[in-house]
Amino acid sequence: MKREDYINWDEYFMGIALLTAMRSKDPNSQVGACIVSPENKILSLGYNGMPMGCSDDEMPWEREGAPLQTKYMYVCHAELNAILNSAHNNLKGARVYVTLFPCNECTKAIIQSGIAEVVYYGDKYHDSDSSIAARFMFEHAGVRLTPYKPTGRRAELEL
Ligand SMILES: Nc1nc(=O)n([C@H]2C[C@H](O)[C@@H](COP(=O)(O)O)O2)cc1CO
Ligand SMILES: [Zn+2]
């Protein structure tokens, strides 16, 4: 008889997004994204980090101060990295699992790439202008927004 306590698809893909986020060097928010085809094949992964060639040790990770001295000017978001990392994959009809609700800039890239559904875990910036603009665009573009429902299952990995 087959085992019954295997993880379901949503747990699997959000779990991979959470594991991917652990690669982030951002001291405040570690974000992961996992793009999945309608056949449940993983098409791409990404986490928030500095652009290639921009050393994590030389770039600022500050949240406040002069704009040029903050991370916001430079960091590439998890969703955008996942889309750019998927260069040869067709994302039409795909879903993206994100550990944090997308910003307005990534929302444009998500919509333009043909992704049809966003499954999100955190939503800590729900009331920001960025999130409001993102929801406005998603709604008009017909992209489904699905809050991830944690199952309470805990996964322990010995690394
Ligand atoms: N959906 C997102 N994906 C992301 O990859 N990020 C990144 C950008 C920054 O590196 C960090 C947010 O930093 P903070 O403002 O919470 O200290 O997370 C942020 C959001 C939120 O919109
Ligand atoms: Zn973004």
Side-chain angles (χ1 to χ4, degrees), residues 9-37 42-151 155:
W9 286 121
D10 279 349
E11 290 173 313
Y12 180 46
F13 298 128
M14 193 56 85
I16 290 171
L18 287 164
L19 187 67
T20 303
M22 293 175 76
R23 280 284 305 152
S24 176
K25 320 299 183 303
D26 192 310
N28 194 60
S29 296
Q30 303 83 42
V31 186
C34 176
I35 304 178
V36 179
S37 76
I42 293 173
L43 300 176
S44 192
L45 297 169
Y47 59 89
N48 55 323
M50 293 300 169
M52 283 189 285
C54 301
S55 163
D56 296 321
D57 300 314
E58 288 164 34
M59 306 301 287
W61 287 104
E62 270 59 59
R63 309 182 72 219
E64 283 164 20
L68 290 174
Q69 306 305 325
T70 71
K71 63 184 174 185
Y72 299 110
M73 201 59 88
Y74 311 102
V75 78
C76 191
H77 289 195
E79 303 90 321
L80 185 60
N81 267 331
I83 289 169
L84 296 173
N85 288 343
S86 73
H88 52 276
N89 279 322
N90 182 3
L91 303 186
K92 287 244 165 359
R95 5 194 245 294
V96 61
Y97 289 76
V98 287
T99 62
L100 183 58
F101 191 84
C103 75
N104 62 306
E105 292 296 332
C106 289
T107 293
K108 301 172 198 175
I110 290 169
I111 292 169
Q112 296 303 67
S113 71
I115 289 174
E117 182 175 6
V118 174
V119 183
Y120 62 96
Y121 200 150
D123 193 14
K124 62 180 174 176
Y125 298 124
H126 183 271
D127 296 324
S128 67
D129 286 348
S130 175
S131 291
I132 293 168
R135 284 192 295 275
F136 183 78
M137 288 187 276
F138 281 138
E139 193 179 319
H140 284 269
V143 173
R144 263 178 68 184
L145 295 178
T146 309
Y148 177 75
K149 289 185 207 64
T151 61

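Counting starts at 1 for both ligands and their atoms, in listed order.
Scanning all protein heavy atoms for the shortest distance to atom 11 (C) of ligand 1 gives Asp26 OD2, 3.5 Å. Looking only at heavy atoms of the protein, atom 15 (O) of ligand 1 is closest to Tyr72 OH, 2.4 Å. Scanning the protein heavy atoms around atom 20 (C) of ligand 1, the nearest turns out to be Leu100 CD2, 3.7 Å. Scanning all protein heavy atoms for the shortest distance to atom 13 (O) of ligand 1 gives Lys71 NZ, 3.0 Å. The closest protein non-hydrogen atom to atom 2 (C) of ligand 1 is Glu79 OE2, 3.5 Å.
More than 12 heavy atoms of other shown residues, nucleotides or ligands fall within 6.0 angstrom of atom CG in Asn28. Other residues, nucleotides and ligands contribute more than 12 heavy atoms inside 6.0 Å of the OH atom of Tyr148. Counting heavy atoms of neighbouring residues, nucleotides and ligands inside a 6.0 Å radius, atom NZ of Lys149 does not exceed 12 of them.
Less than 4.0 angstrom separates some heavy atom of Tyr125 from each of these atoms of ligand 1: 14 (P), 15 (O), 16 (O). Taking every heavy atom of Phe101 and a limit of under 4.0 angstrom, the matching atoms of ligand 1 come to 1 (N), 21 (C), 22 (O). Of all atoms in ligand 1, numbered sequentially from 1 with element shown, those under 4.0 Å from a heavy atom of Asn28 are 14 (P), 16 (O), 17 (O). For ligand 1, the atoms closer than 4.0 angstrom to any heavy atom of Cys103 are 1 (N), 22 (O). Short contacts between ligand 1 and Arg63, defined as distances under 4.0 Å to a heavy atom of the residue, involve ligand atoms 14 (P), 15 (O), 16 (O), 17 (O). Annotation for ligand 1: atoms under 4.0 Å from non-hydrogen atoms of Val75 are 8 (C), 9 (C), 10 (O).
Looking at Asp123, its side chain never comes within 3.5 Å of a backbone N or O of Phe101 through a donor-acceptor pair. Put simply, the side chain of Gln30 gets close to the backbone of Asp26: a donor and an acceptor are under 3.5 Å apart. Between the side chain of Trp61 and the main chain of Asp56, a donor-acceptor pair closer than 3.5 Å is present. Not a single donor-acceptor pair under 3.5 Å links the side chain of Thr99 to the backbone N or O of Tyr121. In this structure, Arg135 contributes its side chain and His126 its backbone to a donor-acceptor pair below 3.5 Å. Between the side chain of Ser44 and the main chain of Ile35, no donor-acceptor pair closer than 3.5 Å is present.
Residues Val36 and Trp9 fail the side-chain proximity criterion, which asks for heavy atoms closer than 4.5 Å. Side-chain contact between Ile132 and Phe136: absent, with no pair of heavy atoms (C-beta onward) separated by less than 4.5 Å.
Heavy atoms of Tyr47 come nearer than 4.0 angstrom to ligand 1 in no pair at all. The closest approach between a heavy atom of Cys106 and any atom of ligand 1 is not below 4.0 Å.
Protein contacts to the Zn ion (ligand 2) involving N, O or S atoms at a distance below 2.8 Å are His77 ND1, Cys103 SG, Cys106 SG.
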